[in-house]
Amino acid sequence: MREERGLFGHLLPYLYAATFIVVVWQLVVTLTKPHVSLLPPPYLVAQGFYELVASGQLFVHAGVSLARVLSAWFLSMLIAVPLGLAMGRSRLIERLVDPVIELLRPISPLAWIPLAILWFGIGESGKIFIVFIGTFFPTLLATVAGVKGIEPHLIHAGQVFGCKSQFALFRKIVLPAALPSIITGLRISFGTGWAAIIAAELVAARSGLGYLIANGMEILRADQVLVGMIAIGVLGVAFDAGLRYVGRRLTWEGAA
Amino acid sequence: MSEPQNSSQPGKSITVDGVSKIYQSRGGGEVEACRRIDLEIKAGEFVAIVGPSGCGKSTLLYMMAGFSAPTTGQILCGGVAVRGPDIERSMVFQNYALFPWLDVRGNVEFGLENKGVPRNLRTEKVDRHLKLVGLSEFADKHISELSGGMKQRVAIARAFAVEPGVILMDEPFGALDALTRRFLQKELLRIWREQACTVAFVTHSVPESIVLADRIVVMSARPGELKSMIDVDLPHPRDSTSDGFRDLERRIYADLDEELAKTFSAEGLLG
Ligand SMILES: Nc1ncnc2c1ncn2[C@@H]1O[C@H](COP(=O)(O)OP(=O)(O)O)[C@@H](O)[C@H]1O
Ligand SMILES: [Mg+2]
């Protein structure tokens with residue numbers, strides 16, 4: 001049985017980590033006395049944070065980044081999961097698709113940014129494209145691995161107990177059996193997508209947390225840069241925790 | 001001899017007709033797992049298949065299930081050629097092969113749902129079979145919360161619940177401790193008697209085969225052929241200390257020892 005730690009119990013390690021970072025940060029500022037435009041002290045950043053929250057700007061930028069990631073992530077899931085299920089079950093499909101995947105996969109989503117700008121300009125579609133590249137492969141690979149890892153007798157049991165068609169077998173055995181792995185893949189790919197969108201926004205955007213940071217650099221406001229970075233970290237952790245929770249709820253692995 | 005079965009569900013016969021199975025191994029070589037097997041299992045009969053490990057017992061059972069086709073020969077169930085897995089031939093696996101994303105009830109209900117049994121009838125059948133294996137209180141439990149013995153009881157309930165003509169069991173108690181095993185053997189016999197169906201039961205335990213079966217098929221070392229066929233005419237419950245039991249045991253072990261000697265000499269372990 002899992003111990004119920006409550007919300008505070010779950011937050012405690014993060015509070016500890018945040019305190020640790022702030023203390024070290026303050027120490028560095030106190031000892032080395034950098035110029036505020038390079039490394040402002042925590043309280044100044046807190047003030048900047050408050051201003052960006054009060055003006056609503058932080059929410060706008062965070063919302064824009066999240067919307068981009070979520071839509072691209074969802075889109076890639078719609079393609080990667082069915083393709084991964086098919087690749088995991090069919091040697092032929094795997095042989096056809098896998099070499100292409102293996103060739104494209106080492107190319108970082110960031111390396112696609114120039115092409116994305118050439119093809120799509122700096123509008124939304126280019127960013128969705130970048131995040132799509134970043135989220136597609138982790139989801140696909142986790143799905144393939146999940147399907148291949150299915151205990152062969154589970155498939156046999158499915159057939160014996162009445163899954164007559166391939167479709168029935170997919171729906172009633174393959175998908176639920178691979179679900180824990182698929183959800184892990186989706187969690188990981190959300191992380192890579194979140195990293196990719198910030199990078200894409202750093203290069204070419206008029207909005208989003210990446211833009212907020214890039215803009216902070218241009219106007220020499222290190223506090224704005226740091227506020228953006230903190231927002232990225234907090235949102236990343238929050239989404240990962242949320243997805244982990246959903247994963248536990250949705251699948252049998254966390255149920256015992 | 002076992003009593004004539006409750007005939008609401010008569011069970012189906014299995015005919016293995018000149019069946020051989022040759023696997024193509026990865027390196028390009030061939031493994032002959034079964035050779036020219038002829039076997040007739042009567043409707044409602046409980047047949048145990050024993051043999052040295054690797055002699056093709058699972059291979060034979062999986063061909064009966066329809067997972068793979070014989071290289072030569074054919075298998076009939078109730079006189080009809082087996083073409084693939086079907087719910088009329090249900091199965092109990094050694095490693096349980098329960099669906100971990102479903103609870104106990106969901107596992108037993110799975111086959112019934114696919115058979116198109118209406119919901120209220122389904123619930124009734126699940127309840128009855130969970131009761132048969134003594135797991136009524138565990139219906140809502142998660143599979144991962146069960147012990148090995150309980151898991152295998154769920155698997156037995158799942159296999160019987162669909163009221164199949166034949167149940168195929170591949171060393172179902174092989175992974176269990178001796179006491180649990182003994183208990184489940186008794187339960188299996190009780191359920192089988194209540195719900196007549198044909199059983200093909202693979203085991204490498206000679207005493208287990210004598211406790212359970214009407215007839216014991218001894219297979220030779222690979223490539224598995226039929227070595228001998230032994231009727232068990234002892235009354236149930238069978239006492240493993242009785243003379244009749246001991247005699248059978250001696251006969252079967254004598255046959256198996258011959259085969260094991262072949263296996264080991266083939267592997268160069270004996271002179
Ligand atoms: N899918 C397969 N491909 C190749 N060889 C196999 C396959 N399944 C079983 N074999 C081989 O066939 C022989 C019989 O295996 P099996 O039927 O599992 O024996 P048993 O159940 O009696 O221990 C073994 O030598 C095994 O290695
Ligand atoms: Mg076996």
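Hydrogens, waters and symmetry mates are skipped; everything else that's a heavy atom, side chains included, is used. Below, read A as the first sequence line, B as the second, and so on, with proteins coming before strands; counting in each chain starts at 1.
Between the CG atom of B:Leu188 and the CG atom of B:Leu184 there is a distance of 8.5 Å, given to the nearest 0.5 Å.
One finds no salt bridge joining B:Glu32 and B:Arg222 here, because no Lys/Arg side-chain nitrogen approaches an Asp/Glu carboxylate oxygen to under 4.0 Å. Using a 4.0 Å cut-off between charged nitrogen and carboxylate oxygen, A:Asp240 and A:Arg187 count as a salt-bridge pair. A salt bridge links B:Glu163 with B:Arg128: the closest approach of a Lys/Arg side-chain nitrogen to an acidic carboxylate oxygen falls below 4.0 angstrom. Ion pairing between a basic and an acidic side chain is recognised when a charged N comes within 4.0 Å of a carboxylate O; B:Asp177 and B:Arg181 show no such pairing. Of the charged side-chain nitrogens involved, none lies within less than 4.0 Å of a carboxylate oxygen, so that A:Glu201 and A:Lys127 do not count as a salt-bridged pair.
Within residues 143-169 of chain A, the residues having any heavy atom closer than 4.5 Å to a heavy atom of chain B are A:Glu151, A:His153, A:Leu154, A:His156, A:Ala157, A:Gly158, A:Gln159, A:Val160, A:Phe161, A:Gly162, A:Cys163, A:Lys164, listed by residue number. Within residues 62-88 of chain B, the residues having any heavy atom less than 4.5 Å from a heavy atom of chain A are, in residue-number order, B:Tyr62, B:Phe67, B:Pro85, B:Asp86, B:Ile87.
Proximity to chain A (any heavy atom under 4.5 Å) is restricted, for B:Asn95, to the side chain, taken from C-beta onward. At a 4.5 Å heavy-atom cutoff, the contact between B:Leu98 and chain A is made by backbone atoms alone.
Distance alone, capped at 3.5 Å, is enough to place a donor-acceptor pair between the B:Glu45 side chain and the B:Lys42 backbone. Proximity of a side-chain donor or acceptor of B:Lys115 to a complementary backbone N or O of B:Val162 within less than 3.5 Å is detected.
Under the 6.0 Å cut-off for aromatic ring centres, A:Trp112 and A:Phe129 qualify, their centroids lying closer than that.
In B:Lys141, the NZ atom is not crowded: 12 or fewer heavy atoms of neighbouring residues, nucleotides or ligands sit closer than 6.0 Å.
The residue among B:Gly111, B:Gly116, B:Ala155 with the most heavy atom pairs within less than 4.5 Å of chain A is B:Gly111.
Side chains of A:Ser189 and A:Thr135: a donor-acceptor N/O pair is absent below 3.5 angstrom, by distance only.
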